[in-house]
Amino acid sequence: MLTTKMEDALNRQINEEMYSAMLYLAMAGYFAELNLMGFKNWLFVQYREEIGHAEKIFNYIVNRGGKIRLYEIKEPQVIWKSPKDAFEAVLNHEKHITAKIDELVEIAESEKDRATFAMLQWFVNEQVEEEANASEVLAKLEMIGDHKHCLMMLDKETAQRK
Ligand code: FEO
């Protein structure tokens, strides 16, 4: 059985992951408007991953016999100043999610919930990858500056993400 505190925190995380999905879908739309379809692809893949994260927590709550609570999803920002500005927002958002996962781990520890603690280790590792992926694209965008040709090359590279 999940404690009420643990169950509530996990349900709130479903909302965080669904908001992440909405944010990246909005960003995919922003890049599509710029005709940068590789970046659009990268963010669309990321959007799907976030839905997967929400489903993982949903299924975990169900498997533990908990109650699902779904909350209103905040409307995401839909426009950014530049591709670099957008990827800064991706990295900052992933840092926020990492902090949320850390909070969940702390709750699992304080509630002495070993199963949830173990399940959360997947998310702890996933966040390392999430931040690294965003940092990699951001670092390249910083290097590129205003060079349109290089931006097109990075667009081709981001198109490969599956
Ligand atoms: Fe579900 Fe990108 O963290």
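First listed ligand is number 1; within each ligand, the first listed atom is number 1. Since this is a predicted model, take the numbers as computed values, not measurements. Residues: numbered from 1 along the sequence shown.
The name of the N, O or S atom in His53 nearest to atom 1 (Fe) of ligand 1 is ND1.
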TODO: Step by step, work out the ring-ring contact (aromatic ring centres under 6.0 Å, His included) result for Trp122 and Tyr60.
DONE: CA-CA 12 Å; Trp122 185 90; Tyr60 177 75; over 10 Å; no
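Residue side and main chain included, Glu50 places an N/O/S atom under 2.8 Å of atom 2 (Fe) of ligand 1. Atom 1 (Fe) of ligand 1 does not have Glu130 among its coordinating residues (no N/O/S atom, backbone or side chain, under 2.8 Å). Put simply, Glu17 stays out of reach of atom 2 (Fe) of ligand 1, with no N, O or S atom under 2.8 Å from it.
The CG atom of Asn92 sits 9.0 Å away from atom CG of Leu138, with the distance rounded to the nearest 0.5 Å. Note: Glu111 CD to Thr116 OG1 = 9.5 Å, rounded to the nearest 0.5 Å.
Looking at His93, Glu50, Glu75 one by one, the single match for side chain to side chain contact (heavy atoms under 4.5 Å, CB included) with Tyr19 turns out to be His93.
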